Amino acid sequence: MNASIIAQSNEIDFHNRLIAIVDDDEIFRSYITILLMQTGARIRALACSDELLELIEREMPCCIILDHRLAPENGIYVFKRLRARYPDLPPVIMLSADESQTTAVKAFRNGFDDYLQKRNLQSGEIEQAIQRALANHQTSRCGAPAHDTPKFSSARMDLINNIIPCEEIGNIFMQVEEIADRNARDVGALVIRLSQWEQILFRFGKKSADDAMTHFADRLKAALLPNEICGRLTDNTLCCILVSDVDAAHLRLRAEALQSALSFTLPIYSVRYEVTPEIVGTIRSPGGKDLADVFRQLPPFARNDDDRRSAPKTQENVIPAERHHVSVSSGFRG
């Protein structure tokens, strides 16, 4: 089970802990303060980033709730400044009056711990968001169990490319599902597996495997679109969530484009490896299954090298596995 989901079951006591609310709308600041007063936390309602910096210099909050459209600055810009200045920054939750899924994607891709829409915000909703953020932050600082710890290459890839790590992806799934259901929108989901990574690791060692993953990470960073979220499922398997303008044809074309963009030739000693990812995908309709369940039910990847070598790399490679499923096979040549 995902670490973030586990964390949600362990409630954290807010009593006497400092929570900062940063919003230039005085009425909404007061509203959020009232919602959180019953938690027993100490609430500081602030109008701008300068006031937040003054507070942090005196006492670091346990959680910061930051408005997206914070005049005269953008909330994302403020968050990036804070993260660069304070390496031990506590969890930061974005508040936004914009109900578009694109804003939520921007929040997650830029490293916010959670995202809340201002419209009809209830006390239980904001309390749960703070609970999740604190629990996930505590888990990441204390460290996950040894068998759940990503390998060095995975950690480096996530750090460089803002890929959502394994321990946080479950929370992102729930947020995306909630927003999609509220707006009656389909969500496209692709799973991208770099199967050759394990083969390179066992045949040539960790450095070569890290080189392959670094090349892959660079290409992935360049290939992702602004409305796509990328997260890690396992060490060599990623998910890409498409949250707008998604239908079966678009998903098929996007899978094909990603396979082309993420394919490369890696020189290892006297051998040149053609590395091509395997990609399968589906569309989740509003009110449908959880994304985690959707991923588990996707068509399986090729099970061995013979299957991968026999798959032709042509447009016919992108075929419907069932009504809303698409799959892209991969080739491997050593």
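In this chain, residues are counted from 1 in sequence order. For clarity, every value in this text was computed on a predicted model and none was experimentally measured.
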Residues R85, E57; criterion salt bridge (charged side-chain N to carboxylate O under 4.0 Å, His left out); working and verdict: CA-CA 11 Å; R85 184 169 178 175; E57 290 301 318; 3.6 Å; yes
Hey, does [Y] have a side-chain heavy atom less than 4.5 Å from the side chain of [X]?
X: D67; Y: V22; value: no
X: T39; Y: E127; value: yes
X: I192; Y: E278; value: no
X: I93; Y: C63; value: yes
X: L238; Y: L194; value: no
X: S96; Y: L116; value: no
X: I279; Y: Q259; value: yes
X: I283; Y: V187; value: no

E125/L35 under side chain to side chain contact (heavy atoms under 4.5 Å, CB included): CA gap, chis, key distance, verdict: CA-CA 10 Å; E125 186 179 0; L35 290 182; over 6 Å; no
Y86 reachable from L46 in the ILVMFWY side-chain graph, under 4.5 Å edges: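 Yes, L46 and Y86 fall within the same hydrophobic cluster.
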Transitive ILVMFWY side-chain link L220 to L225, under 4.5 Å: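 No, L220 and L225 fall in different hydrophobic clusters.
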Test side chain to side chain contact (heavy atoms under 4.5 Å, CB included) applied to S49 and Y77, step by step: CA-CA 10 Å; S49 61; Y77 173 73; over 6 Å; no
Would you say the side-chain atoms of [X] pair up with the backbone N or O of [Y], donor to acceptor, closer than 3.5 Å?
X: D247; Y: A249; value: yes
X: W197; Y: M213; value: no
X: D113; Y: V92; value: yes
X: R42; Y: N16; value: yes
X: D293; Y: K289; value: no
X: R44; Y: I21; value: no

Nearest 0.5 Å please: distance from the [atom1] atom of [X] over to the [atom2] atom of [Y].
X: L258; Y: C230; atom1: CG; atom2: SG; value: 9.0 Å
X: I76; Y: L66; atom1: CD1; atom2: CG; value: 9.5 Å
X: R83; Y: F112; atom1: CZ; atom2: CZ; value: 8.5 Å
X: L52; Y: R81; atom1: CG; atom2: CZ; value: 9.5 Å
X: I43; Y: I34; atom1: CD1; atom2: CD1; value: 11.5 Å
X: I179; Y: Q117; atom1: CD1; atom2: CD; value: 6.0 Å

Is any NZ, NE, NH1 or NH2 atom of the basic residue among [X] and [Y] found under 4.0 Å from an Asp or Glu carboxylate oxygen of the other?
X: R252; Y: E256; answer: no
X: E228; Y: R254; answer: yes
X: R29; Y: E51; answer: no

Audit row: I65, I126, side chain to side chain contact (heavy atoms under 4.5 Å, CB included) steps and yes/no: CA-CA 10 Å; I65 301 171; I126 193 168; 3.8 Å; yes
Quick one: closest heavy-atom pair of [X] and [Y], and the distance?
X: L190; Y: G281; answer: CD2-CA, 3.7 Å
X: F264; Y: A212; answer: CZ-O, 3.4 Å
X: A189; Y: L251; answer: N-CD1, 4.1 Å
X: I19; Y: A41; answer: CD1-CB, 3.8 Å
X: Y115; Y: D98; answer: OH-O, 2.9 Å
X: C240; Y: L224; answer: SG-CD2, 3.9 Å

Residues which pass ring-ring contact (aromatic ring centres under 6.0 Å, His included) with Y31, listed by chain and number, not counting sequence neighbours: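 So Y31 forms a ring-ring contact (aromatic ring centres under 6.0 Å, His included) with F28.
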Steps toward salt bridge (charged side-chain N to carboxylate O under 4.0 Å, His left out) verdict (R182, E177): CA-CA 8 Å; R182 185 182 301 131; E177 291 157 9; over 6 Å; no
Within 6.0 Å of CE in M60, more than 12 heavy atoms from elsewhere: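 Count over threshold, so yes.
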Steps toward salt bridge (charged side-chain N to carboxylate O under 4.0 Å, His left out) verdict (D114, R132): CA-CA 8 Å; D114 214 327; R132 285 195 301 265; 2.8 Å; yes
Of all pairs that satisfy salt bridge (charged side-chain N to carboxylate O under 4.0 Å, His left out), the ones with a partner from residues 16-28, not counting sequence neighbours: D23-K118
Stepwise side chain to side chain contact (heavy atoms under 4.5 Å, CB included) check, L18 with C62: CA-CA 6 Å; L18 180 62; C62 74; 5.9 Å; no
Partners meeting side-chain hydrogen bond (donor to acceptor under 3.5 Å, both in side chains) with R69 (sequence neighbours left out): none
